[in-house]
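One structure is given here, and the rest of the page talks about it.
Everything quoted here is computed from the prediction, not taken from an experiment.
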Amino acid sequence: MLGKTAGGLFWMFRYLERSENTARLIETGFRIALTRADGDDDEWTSVLQTAAVAHLYFEKYSQIEAAKAIDFLLRDPGNPSSVMSAIAQARQNARLVRTAITREVWEAVNDTYMVLKAALARPVSARDLPEVLALIRQQSALVRGAMHGTMLRNDIFDFCRLGTFLERADNTARILDVKYYVLLPSISQIGSSLDNVQWETILRSVAGMRAYRWITQGETSPMGIADFLIFDTRMPRSLAFSVGKIATNLAYLEQAYQTRHPCHAQIDGLSARLRHGKIERVFEDGLHEFITDFLADVGKLGQQIEADYRFLG
Amino acid sequence: MVRLFETDTMRDTPRFFDEMQQPDGAPRAPYTGYDTWFKGEDLRDLRKKSADAERFFRRTGITFNVYGQAEADERLIPFDLVPRIIAGREWARLTRGIEQRVRAINAFLHDIYHRQEILRAGRIPVELIAKNAAFLPQMIGMAPPGGVYTHIVGVDLVRTSEDEFYVLEDNARTPSGVSYMLENRETMLQMFPELFTRIKVAAVQDYPVNLHRSLAASAPRDCSPDCTVAVLTPGIHNAAYFEHAFLADQMGVELVEGHDIRITGGKVQMRTTQGYKPIDVLYRRVDDDFLDPMNFRPDSLLGVPGVMDVYRAGGITIANAPGTGIADDKAIYSYMPDIVEFYTGEKAILQNVPTWRCSEGDALAYVLDHLSELVVKEVHGSGGYGMLVGPAASKKELAAFRAKLLAKPANYIAQPTLALSTVPILTQAGLAPRHVDLRPFVLVAPDKITITPGGLTRVALKKGSLVVNSSQGGGTKDTWVLEE
């Protein structure tokens, strides 16, 4: 496989994951805004921070406003992480790697692009937002289904998965990065409605509300939520789960190519930390430091994979 | 019951040969099966199918990019769902003519880059070659692997009556459109499966396999045992990018760009996830000028620096060979009957359109006198640009063209306006005749020539128009060769 193709697959799936994550962040922000009595727009600031586009937003607008934030996250071409930008990038990469993906996957991505381009041609009103967000979810599922149902489990598949899970690990870590303070014991007052809302925000952002309740039988605690998002390998958006998938796919590549690269040593370190870590220890040493280190390591791992498999040169 | 033809309002225009219908309205022999089927169909259903087809093409991404326009401008080439049908017997005759012509083109190219016997014999003026930009001195004395110059050829044919076909032009550089031939058939199979059980149509789906086999058969002698073929594209913004990706995909080979390639150890190598791997055969969809910045245009970012040197040393096959443009130049075209005779010793089976070379004084005088009846083309033009269709031109356009012609006569050739045959398309009102041409695709390997039955039928969608180019509002049709 060409290095360029591996890079195209990797980025195609990173962008697909990103579009879905951005949509989920919008959904969370929207839901919180609806259910909160005071109705201020602070929640949108942290949503923009989580998506790592707050600085871009404030270059364009002077104030936080729900409608503007939603539009910026959903369709602004100046925001590279907006749903529409991410889908357009995913499709551009798909065109580049057309020979490596099945017709079904290409058509699902192309179809998603066309459907969303039509749905997002104009600003989306609050009334239509739930439907549009549902459409985005549905389209993502379509691409994922086509991929799982039709693609060979070979190096091509591995590079797709690496893109998906690097992006996902990064996204979940960023949610924790922006919200870590509400999980700190010193600030949280058990049972206060403010904390309940904040915790709900975190769980919704990773589509983990129901799963968390199911696992804990309704017992909500900040340390429990952090444990769930960081160490729970049953949770498909947790750091441990994502890192586990990255490790598996890198191991497949090592086997297929009979070559061990520096990225393999990096992922081994990251895996070990998550496998043997304990949430109590993380809180003792500092949740924020843990997350900051993790984000830096994931960033480095991405660059190393890019170099080891010659995405660029 | 469907009305077969919209009211004929072209009373003043001459009658054209319609391939489906005889003047009395009865279907011609190849169309009888289709005609029966069509008459049992509901026009509204068919129009809905037509819209389905467009959605199918968009979804599949069978689009072409328009140069210099935003990403939004990925256009569809309109597809018409009435097939163009050719009888098996007619096709057999055409293939003999095409094969003869393609053999002659390859022999001509070999001669032009070696002993130039045809120039010595005085059959072609020397300056036509010497002053031709498509002639590459880098190819002199060079023998391409397997002796093949044009691995892929598209021979554009037009029909004017029951038995008369003409070659309009030869495409010996990098003919495009074959992906449309394949996807049109795929679309028809999806939309009208029952038609293909009623009518036996020769399959076209083997083209990618044949292409791969044909390219691999032309590999250099010291090629690795599992010969590696790759398709070289100028990139994602090229108008024909879809086709490049499609062909690479269908052949199961890599689609490379210049920056994926470097030359080491005398081999052209591509950057893979496991290091650099040699390429044995490069099916390039990059023009000669851009192929190698070290040997041709130094400002090209699309090509592979030094690939010509590897080629000349026998380290790689380039398909089509550089410099084949000398054979499909419009000025050379007029000599094709001589070229066929010179190299095959036989009369050309396929006719050439009579052509006036405006570089010759008598011819120029005739062309200027008859401008309103003729089609005038630029010698190096393509895509239907820079062309005058006399009968359709206004007085002003004629005057403007006359001036251009006088300024640079050698730049032009002229041909009579051919009464191109028509095949019906589906319009709002029912079937309506439109002019068509045909581009069959020919694969040349050292040991054999393979011609896919049918090819790409291009159709002028505008009533009365003779210009079928997709860049000028033309569409395409599925082309059927009947198995008899």
Side-chain angles (χ1 to χ4, degrees), chain A residues 1-10 77 84-85 88-89 91-115 117-118 121 142 146 152 154-156 158-159 162 250 253-254 256-259 261 263 305-313, chain B residues 54-65 70-74 76 179 182-183 186 190 208 212 228-238 240-262 269-277 279 283:
Chain A
M1 187 189 348
L2 294 180
K4 175 188 68 188
T5 307
L9 292 163
F10 178 85
M84 199 61 233
S85 302
Q89 292 277 5
R91 176 178 182 267
Q92 186 80 338
N93 278 287
R95 286 190 74 207
L96 198 67
V97 301
R98 184 63 190 80
T99 55
I101 55 179
T102 57
R103 185 168 187 141
E104 280 87 343
V105 171
W106 158 251
E107 285 184 9
V109 174
N110 194 33
D111 189 58
T112 296
Y113 171 79
M114 290 188 294
V115 165
K117 204 165 179 200
L142 194 71
L152 280 178
N154 57 5
D155 49 350
I156 292 175
D158 295 329
F159 285 111
L162 287 175
L250 282 178
L253 284 175
E254 182 181 344
Y257 293 167
Q258 293 291 305
T259 309
H261 287 296
C263 66
I305 291 173
E306 187 170 298
D308 289 345
Y309 293 105
R310 300 159 179 274
F311 289 3
L312 295 173
Chain B
E54 184 173 331
R55 255 198 307 283
F56 174 81
F57 275 89
R58 276 228 183 267
R59 194 160 179 224
T60 316
I62 310 175
T63 55
F64 67 99
N65 299 327
E71 153 266 343
D73 275 296
E74 282 168 30
L76 281 189
S179 58
L182 295 165
E183 288 293 344
E186 222 36 64
Q190 282 208 8
H212 187 265
T228 304
V229 176
V231 178
L232 176 67
T233 173
I236 199 159
H237 300 293
N238 184 266
Y241 178 78
F242 163 75
E243 177 155 302
H244 307 160
F246 177 89
L247 289 173
D249 188 35
Q250 294 281 310
M251 286 194 286
V253 306
E254 296 293 358
L255 178 65
V256 299
E257 292 173 48
H259 59 76
D260 295 315
I261 295 181
R262 74 173 185 203
Q269 314 228 21
M270 58 184 170
R271 193 183 75 247
T272 77
T273 50
Q274 301 179 74
Y276 281 84
K277 292 274 152 73
I279 298 172
Y283 175 20

Working to the nearest 0.5 Å, report the span between [atom1] of [X] and [atom2] of [Y].
X: A/Asn110; Y: B/Thr60; atom1: CG; atom2: OG1; result: 8.0 Å
X: B/Asp260; Y: A/Thr5; atom1: CG; atom2: OG1; result: 7.0 Å
X: B/Phe242; Y: A/Arg95; atom1: CZ; atom2: CZ; result: 10.0 Å

Query - Closest non-hydrogen atom pair between B/Ala245 and A/Thr99, with its separation - result: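 Looking at all heavy atoms of both residues, the shortest contact is O-CG2, 3.4 Å.
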Query raised in the report: If every non-hydrogen atom of A/Gln92 is compared with every non-hydrogen atom of B/His237, which pair is closest and at what distance?
Result: NE2-CE1, 3.9 Å
Requested in this report: Indicate yes or no: does B/Glu183 engage A/Arg103 in a salt bridge with an N to O separation below 4.0 Å.
Outcome: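 Judged by the 4.0 Å cut-off on N to carboxylate O distance, B/Glu183 and A/Arg103 do form a salt bridge.
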Indicate yes or no: at least one non-hydrogen side-chain atom of [X] is less than 4.5 angstrom from one of [Y].
X: B/Arg271; Y: A/Leu2; result: no
X: A/Met1; Y: B/Gln274; result: no
X: B/Thr273; Y: A/Arg310; result: no

Could you look at [X] and say if it's the side chain, the backbone, both or neither that has a heavy atom under 4.5 Å from chain A?
X: B/Val231; result: neither
X: B/Glu257; result: both
X: B/Arg58; result: both

Report task. Decide yes or no on side-chain contact (heavy atoms from CB on, under 4.5 Å) for A/Lys4 and B/His259, but give the supporting numbers first. Result -> CA-CA 9 Å; A/Lys4 175 188 68 188; B/His259 59 76; 3.9 Å; yes
Requested in this report: Measure from the side-chain N and O atoms of A/Asp111 to the backbone N and O of B/Arg59, and report whether any donor-acceptor pair falls under 3.5 Å.
Outcome: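 No, the answer is negative, given that no donor and acceptor are paired below the 3.5 Å cut-off.
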Requested in this report: State whether the side chain of A/Tyr309 and the backbone N or O of B/Thr272 hold a donor-acceptor pair below 3.5 Å, judged by distance alone.
Outcome: no
Query raised in the report: Picking from A/Leu312, A/Asp308, A/Asp155, A/Val97, which has the most non-hydrogen pairs under 4.5 angstrom with chain B?
Result: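 Heavy-atom pairs under 4.5 Å are most numerous for A/Leu312.
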**Report entry** Part of A/Phe159 within contact of chain B (heavy atom distance under 4.5 Å)
**Finding:** side chain
